[in-house]
Amino acid sequence: MQEKIKTKEQSKNKILALDLNRVPEIFVDKTDKKSMLEFFAKNTEELYIVRDAEHSNSAYFYVRSADECFEKAQNFSGRVIVAVSIHTYKNKLLLGAVEIAGTSVRICATTDSNLDHRTMYHGKAEFELSTDIFDKRLSDIPEFDFLYDYIISHRIDGYTVEFTIYDRPVGPKKQKIIINEIRNY
């Protein structure tokens, strides 16, 4: 039986436990400037995101420095997530969410490199299917075979998996896929 993953932190812990590729991120109190400074020193990238750690679909901000991150974090009530943005890595091939359960497939995805997961969900996705693995339309989705093999081989079928696939290795594990979130709520 699958464990329930109801929060962003539980998702992060599952991703870490399964040793999946991800973006570097921390969960911290909005007043913890020291931890934010350490995170930025350790993860030198051009773009980051700060968002509420306790509420889904809340506001988020793109930031470029620890000071800007600390300033934006004050807009939240408690804990925040500070992460390297998926937009830091160039040449996205496919971004979306998929759930594979047995022969059933639900996918919402886009090849538009300007979109992120949240904007994609609001009617901007090129591919929105609820079907089975034998549907020939799945072959129209770039990198679907790679995505399917990754999910099955890492035993994350049965979950909704938010992912981003690139044309080259990225992230801490230097793979062409980033797992942004795993959930089943």
Side-chain angles (χ1 to χ4, degrees), residues 1-25 27 43 45 47-49 51 53 56-57 60 81 83-185:
M1 182 172 183
Q2 281 185 335
E3 67 185 279
K4 288 291 183 192
I5 300 175
K6 298 179 182 177
T7 67
K8 297 239 183 243
E9 192 157 22
Q10 288 173 338
S11 173
K12 174 192 172 193
N13 291 339
K14 182 71 171 177
I15 290 167
L16 289 171
L18 293 172
D19 198 27
L20 304 175
N21 201 27
R22 68 207 181 285
V23 293
E25 68 182 353
F27 287 63
N43 299 285
E45 298 291 351
L47 191 63
Y48 306 83
I49 189 168
R51 63 181 185 253
S56 60
N57 291 318
Y60 60 93
I81 302 169
V84 171
S85 170
I86 62 167
H87 295 302
T88 291
Y89 308 124
K90 305 299 181 216
N91 303 329
K92 285 185 265 183
L93 299 175
L94 189 69
L95 171 142
V98 65
E99 180 184 349
I100 297 169
T103 60
S104 174
V105 177
R106 289 184 328 122
I107 187 165
C108 179
T110 184
T111 60
D112 185 339
S113 63
N114 294 315
L115 297 181
D116 57 29
H117 288 89
R118 193 175 299 182
T119 55
M120 177 209 57
Y121 290 133
H122 297 289
K124 307 253 182 188
E126 295 161 64
F127 308 101
E128 288 190 66
L129 298 171
S130 184
T131 188
D132 63 50
I133 197 62
F134 308 106
D135 190 327
K136 293 188 185 312
R137 295 176 295 171
L138 294 171
S139 65
D140 295 335
I141 302 173
E143 300 294 324
F144 182 80
D145 289 342
F146 168 80
L147 177 64
Y148 179 84
D149 290 345
Y150 187 91
I151 287 172
I152 298 302
S153 68
H154 287 85
R155 299 188 166 181
I156 49 178
D157 50 314
Y159 292 100
T160 298
V161 179
E162 280 191 2
F163 64 89
T164 310
I165 299 175
Y166 298 85
D167 70 347
R168 66 186 184 292
V170 298
K173 298 190 73 53
K174 301 297 183 214
Q175 297 173 342
K176 68 183 234 175
I177 189 169
I178 294 284
I179 302 301
N180 303 92
E181 186 175 345
I182 297 175
R183 61 180 181 270
N184 54 4
Y185 55 90

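Count residues from 1 along the sequence.
In this structure the side chain of Ser11 never reaches within 4.5 angstrom of the side chain of Tyr159, judged on heavy atoms. With a 4.5 Å cut-off on side-chain heavy atoms, Leu20 and Ile156 count as touching. Contact of the Asp19 side chain with the His154 side chain is not registered, since no non-hydrogen atoms from C-beta on lie closer than 4.5 Å. Here the side chains of Thr160 and Glu99 are in contact, with some heavy-atom distance below 4.5 Å. The shortest side-chain heavy-atom distance between Tyr150 and Ile179 falls under the 4.5 Å cut-off.
Looking at every heavy atom in both residues, Phe163 comes nearest to Ala97 through CE2-N, 3.6 Å. The shortest heavy-atom contact between Ile177 and Asn21 is O-ND2, 2.9 Å. Shortest non-hydrogen contact noted between Lys92 and Ile86 is NZ-CD1, 4.2 Å. Closest non-hydrogen pair, Ile107 versus Val98, comes out as CB-CG2, 4.0 Å. The nearest pair of heavy atoms linking Glu25 to Ala83 is CB-CB, 3.5 Å. Closest non-hydrogen pair, Pro24 versus Tyr89, comes out as CD-OH, 3.9 Å.
When the shell of 6.0 Å around CZ of Arg168 is examined, it contains more than 12 heavy atoms from other residues, nucleotides or ligands.
When only modelled atom types and interatomic distance are considered, Glu126 and Thr111 share a side-chain donor-acceptor pair under 3.5 Å.
With Glu181 as the partner, the salt bridge (Lys or Arg N to Asp or Glu O under 4.0 Å) test is satisfied by one option alone out of Lys14, Lys8, Lys12: Lys8. Test Val170, Leu95, Val84 against Ile178 for side chain to side chain contact (heavy atoms under 4.5 Å, CB included) and you get one pass: Val170.
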side-chain contact (heavy atoms from CB on, under 4.5 Å) assessment of Ile133 paired with Phe144: CA-CA 11 Å; Ile133 197 62; Phe144 182 80; 3.8 Å; yes
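Annotation: the span from Leu138 atom CG to Leu129 atom CG amounts to 6.0 Å, rounded to 0.5 Å. A distance of 9.5 Å separates CD1 in Ile152 from CG in Leu147, rounded to the nearest 0.5 Å. To the nearest 0.5 Å, atom NZ of residue Lys124 and atom CG of residue Leu115 are 7.0 Å apart. Rounded to the nearest 0.5 angstrom, Leu93 CG and Tyr166 OH are separated by 10.0 Å. Rounded to the nearest 0.5 Å, atoms CG (Leu16) and CZ (Arg22) are 5.0 Å apart. Going from atom CG of Asp167 over to atom CG of Leu94 covers 12.5 Å, rounded to the nearest 0.5 Å.
Here the side chain of Thr88 pairs a donor or acceptor atom with the backbone of Leu47 at under 3.5 angstrom. A side-chain donor-acceptor contact under 3.5 Å links Lys90 to the backbone of His87.
Because its NZ or CZ atom is both nearer than 6.0 Å to the ring centre of Phe146 and within 45° of the ring axis, Lys176 counts as a cation-pi partner of that residue.
Take Glu9 and apply the side-chain hydrogen bond (donor to acceptor under 3.5 Å, both in side chains) test, not counting sequence neighbours, and it matches Arg79. With sequence neighbours left out, the side-chain contact (heavy atoms from CB on, under 4.5 Å) criterion links Gln10 to Ile5, Lys6, Thr7.
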